[in-house]
Structures are given as structure tokens and as C-alpha cells.
Number of protein chains: 2
Amino acid sequence: MTEQEIAAVLERAEHLCRGRGARLTQQRRTVLRLLCASDKPLSAYELLDRMRGCIKNPAPPTVYRALDFLLEHGLVHKLESLHAFVGCAHPEHTHAGQFLICSDCGDVSELEDSAVAKSLQAAGKAAGFRMTRPVVELIGTCAHCDGGKQT
Amino acid sequence: MTEQEIAAVLERAEHLCRGRGARLTQQRRTVLRLLCASDKPLSAYELLDRMRGCIKNPAPPTVYRALDFLLEHGLVHKLESLHAFVGCAHPEHTHAGQFLICSDCGDVSELEDSAVAKSLQAAGKAAGFRMTRPVVELIGTCAHCDGGKQT
DNA sequence: TAACGAAACGTTATAAAATAACGCGCATGT
DNA sequence: ACATGCGCGTTATTTTATAACGTTTCGTTA
Ligand SMILES: [Zn+2]
Ligand SMILES: [Zn+2]
Ligand SMILES: [Zn+2]
Ligand SMILES: [Zn+2]
């Protein structure tokens with residue numbers, strides 16, 4: 001994410017939290033900013049390392065508490081298969097992320113495919129299941145890494 | 001899974017491995033059996049505890065190695081969002097599991113919804129992504145726990 | 001059958017991810 | 001000022017997963 005995009009995300013996060021009566025504290029803002037600034041998903045402990053620059057002596061609960069808050073408010077996503085987190089670029093409307101994860105280069109991109117969302121919804125409904133959080137992570141090789149090797 | 005179903009799964013696993021020149025050793029068979037016999041997904045360490053009855057002094061690598069083998073051969077699935085494992089009841093044809101995970105009762109059921117599979121395939125293809133392993137875990141409330149509270 | 005190489009396994013140690021527990025201090029509203 | 005709740009610091013611990021290395025077992029071949 002570019003500096004400007006990050007600034008925009010922080011701005012929107014601010015508004016969103018204010019509207020909900022939630023407090024986007026310094027630490028939470030820092031974690032969100034670091035995740036947005038990273039070109040790859042960060043584990044809680046990588047995040048912890050990067051926080052050392054901004055916050056004095058952070059410990060695991062520091063980062064996990066911030067992440068819990070940001071997850072609750074839909075400002076970040078957790079990639080279960082990687083034990084890592086990414087900032088969400090589109091937090092304004094609630095959405096469940098769908099992710100393409102390249103196992104070659106580590107690149108992750110977020111989808112919001114309505115056909116996928118609908119089929120999941122339908123599959124759940126058919127089983128009488130009330131879905132609260134779909135986890136969709138497609139692991140494979142991205143277009144760049146596939147490099148025309150496959151037709 | 002009933003005793004008979006477990007026996008059938010073990011039988012088929014045996015054939016499948018023989019056909020591939022893979023060795024379904026005692027430990028691997030034990031892990032598969034324990035997973036099938038459990039009424040809920042088991043973490044590696046729960047599995048480790050249950051192995052103590054059958055195998056002398058098992059250590060973490062013991063169970064993780066068996067799990068790696070069984071995962072490779074599609075005999076078990078890993079639930080990424082739970083850090084837990086389940087036996088697969090339909091290992092004969094390769095398939096990527098789709099799971100409904102009830103956060104109330106912990107019950108997990110495996111789906112194989114072709115509409116979901118197709119939409120995922122299509123979404124990946126549209127992004128030039130070559131998918132090797134889809135992770136689909138729908139977290140919510142099962143029909144039983146929902147208990148007619150919601151229409 | 002004896003020798004060989006690969007795969008499986010035992011064992012110890014360590015890394016990585018996540019949470020528990022407890023008290024302090026600050027923001028907010030009365 | 002006071003009470004209440006939330007956020008946070010801090011320490012310790014639990015849970016999940018892997019590294020490393022030597023030994024055994026198994027199938028193959030000389
Ligand atoms: Zn998002
Ligand atoms: Zn890639
Ligand atoms: Zn299956
Ligand atoms: Zn349930």
C-alpha cells in the first residue's frame with residue numbers, strides 16, 4: 001500500500017471507530033499502519049519486532065490485543081493457513097475476505113468474488129448452518145510465478 | 001465414525017497406499033484410526049495423548065510425521081482455523097475438503113459442494129492463479145445448535 | 001544371502017504462536 | 001471528587017510445530 005493509501009485507511013478507520021464508539025488508540029493505529037505498510041502478511045511476532053521502533057517494550061499481549069480489536073472491527077484479516085495478518089484496504093463495508101496465497105513468492109491478494117460468497121452462503125444454508133465467518137484461502141501459484149509455464 | 005466405517009477406511013487406506021508404493025505403517029494406521037474414532041477434530045497433542053495407549057513413548061515428531069504422511073495421501077484433513085485434524089471418510093477420490101465448523105458445539109462436517117468448488121476454481125482462474133489447495137472453513141452455528149431460534 | 005541406500009523412527013532440544021493472570025492508570029460520566 | 005470500565009504493562013505459561021542427528025527397518029540388488 002502506498003503512503004497515501006495508508007493515510008486513507010487510517011482516516012477511514014478513525015471515522016469508523018468514532019462512529020461505533022470504539023477507541024482507535026495509538027497502539028492499535030500503529031499495528032494497523034504497520035500491517036498496511038508491509039508488502040506481505042506479518043505474523044504477530046514480526047509485527048511485534050516492527051513495533052519496537054514506535055512503542056516502548058511491546059510484549060506479545062500488546063500486539064495480540066491490538067489485533068483482536070482490529071479483527072473485531074474488520075480492519076485487518078487473519079490468514080489462518082499462514083498464522084499471519086494483513087490490513088484490509090476496504091473496511092467500509094463488512095466483508096469476509098477471500099485470499100489467493102502464492103506459495104512461491106508469498107504474495108497474497110484479497111478477492112471479493114460474489115459468486116464464491118453466494119455459493120458458500122447457499123452451501124451453508126442447505127445444511128441449516130448459520131455462517132458467521134467464512135475462511136477462504138486459496139493456496140497455489142500466482143500468475144507472476146506461474147510465468148507462462150502452464151497453459 | 002462407527003467401528004465398521006473405521007475398518008472400511010483403514011482397508012481402503014491400505015489399498016490406496018499399496019497402489020502408490022507408500023507404506024502405511026503401524027503408527028500411521030494408529031493415527032488414522034484414532035482420528036476416525038474421534039467424534040471431534042483432534043489437535044496434534046490430543047492425538048499424542050491418545051497414542052500413549054498404543055505406542056510406547058510417542059513424542060511430537062512421531063505424531064507430526066504420521067500426520068504429514070496422511071495429509072499427503074489425502075487420508076486426513078487439517079482444519080487450519082482450529083489447529084486440528086480429522087479423518088477423511090472419502091479418501092478414494094482426491095478432493096479438497098470444505099468444512100462447516102460449529103463454534104457452539106464444536107461439531108465439524110465435511111462438505112463437497114461442487115458449486116463452491118467451481119466458483120473457487122473460476123475465481124482463481126480469473127486471477128491467473130493456479131490453485132493447489134483450497135482452504136474452505138465456514139465457521140458458524142450448526143442446525144442443531146441454532147435450534148429454530150432463527151428463521 | 002550379504003551389502004546397500006532410502007525411508008521410517010527415536011530422542012532431545014528448540015522455535016514459534018497464543019493465552020492466562022494480575023494490577024495499574026487513565027478516560028468518561030456522575 | 002468518585003466510581004466504573006477499558007486499555008495497557010508485565011510476567012509467566014501453555015499450545016503448536018520443527019530442527020537436528022543418530023539408529024533401525026525395509027526393499028532392492030549384487
Ligand atoms: Zn478486506
Ligand atoms: Zn507468486
Ligand atoms: Zn475428505
Ligand atoms: Zn453446533
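Atoms considered below: every heavy atom in the structure, side chains included; atoms not considered: hydrogens, waters and symmetry mates. Not measured: the values here are computed from a predicted model. So you know, we letter chains A, B, ... as the sequences are listed, proteins then strands, and number each from 1.
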Looking only at heavy atoms, the pair that brings B:Q27 and B:A66 closest together is O-CB, 4.4 Å
Looking only at atom types and distance, does a side-chain atom of B:T30 sit under 3.5 Å from a main-chain N or O of B:Q26, one as donor and one as acceptor? yes
Anything under 30° is parallel, anything over 60° is perpendicular, the rest tilted; go ahead and classify A:Y64 against A:Y45. perpendicular
State whether A:K40 and A:E46 are salt-bridged, where the test is any N-O pair (Lys NZ or Arg NE/NH1/NH2 against Asp/Glu carboxylate O) under 4.0 Å. yes
Could you tell me whether the phosphate oxygens of C:dG10, OP1 or OP2, come under 4.0 Å of any side-chain nitrogen or oxygen in B:R65? no
Lys/Arg N to Asp/Glu carboxylate O, B:R133 vs A:E137, below 4.0 Å: no
Near DNA chain D, which residues from residues 68-87 of chain A have a heavy atom under 4.0 Å away? none
note: B:Q26, atom CD; C:dG10, atom P; distance rounded to Å ~ 11 Å
Could you identify which residues of residues 51-64 of chain B place a heavy atom less than 4.0 Å from some atom of DNA chain D, listed by residue number, or say none? B:P60, B:P61, B:Y64
Does a side-chain N or O from B:T25 land closer than 4.0 Å to OP1 or OP2 of C:dA8, or not? no
Chain B footprint on DNA chain D, 5' to 3' - any atom under 4.0 Å from a heavy atom: D:dT16 to D:dC26
For B:R23, enumerate each residue passing the salt bridge (charged side-chain N to carboxylate O under 4.0 Å, His left out) test, keeping only those at least two apart in sequence or located in another chain. none
Whole angstrom value for the distance that separates C1' of C:dG10 from CD of B:Q27: 9 Å
Hey, which of B:E110, B:H90, B:E112 is the one that makes side chain to side chain donor-acceptor pair (under 3.5 Å) with B:H95? B:E110
Heavy-atom side-chain proximity of A:L24 to A:L70 below 4.5 angstrom: yes
Closest non-hydrogen contact found for A:L48 with A:P60 is CD2-N, 4.0 Å
Would you find a donor on one side and an acceptor on the other, under 3.5 Å apart, between the side chain of A:S43 and the backbone of A:A84? no
Out of the candidates B:T62, B:L32, B:L75, B:L35, only one should pair with B:L67 under the side-chain contact (heavy atoms from CB on, under 4.5 Å) rule; please name it. B:L35
Just to be sure I understand the geometry, which residues of residues 33-42 of chain A put a non-hydrogen atom under 4.0 Å away from DNA chain D? none
Side-chain donor or acceptor of B:T2 paired with backbone N/O of B:E5 under 3.5 Å: yes
Compare every heavy atom of B:C88 with every heavy atom of B:V9, then report the nearest pair and how far apart it is. CG1-O, 4.2 Å
Heavy-atom distance under 4.5 Å between the side chains of A:L47 and A:V31, does that happen here? yes
Are A:F85 and A:H77 an aromatic pair by the rule of ring centers under 6.0 Å? no
One character per nucleotide, please: for nucleotides 25-30 of chain C, 5' to 3', B when the base has a protein heavy atom closer than 4.0 Å, S when only the sugar-phosphate does, - otherwise. ------
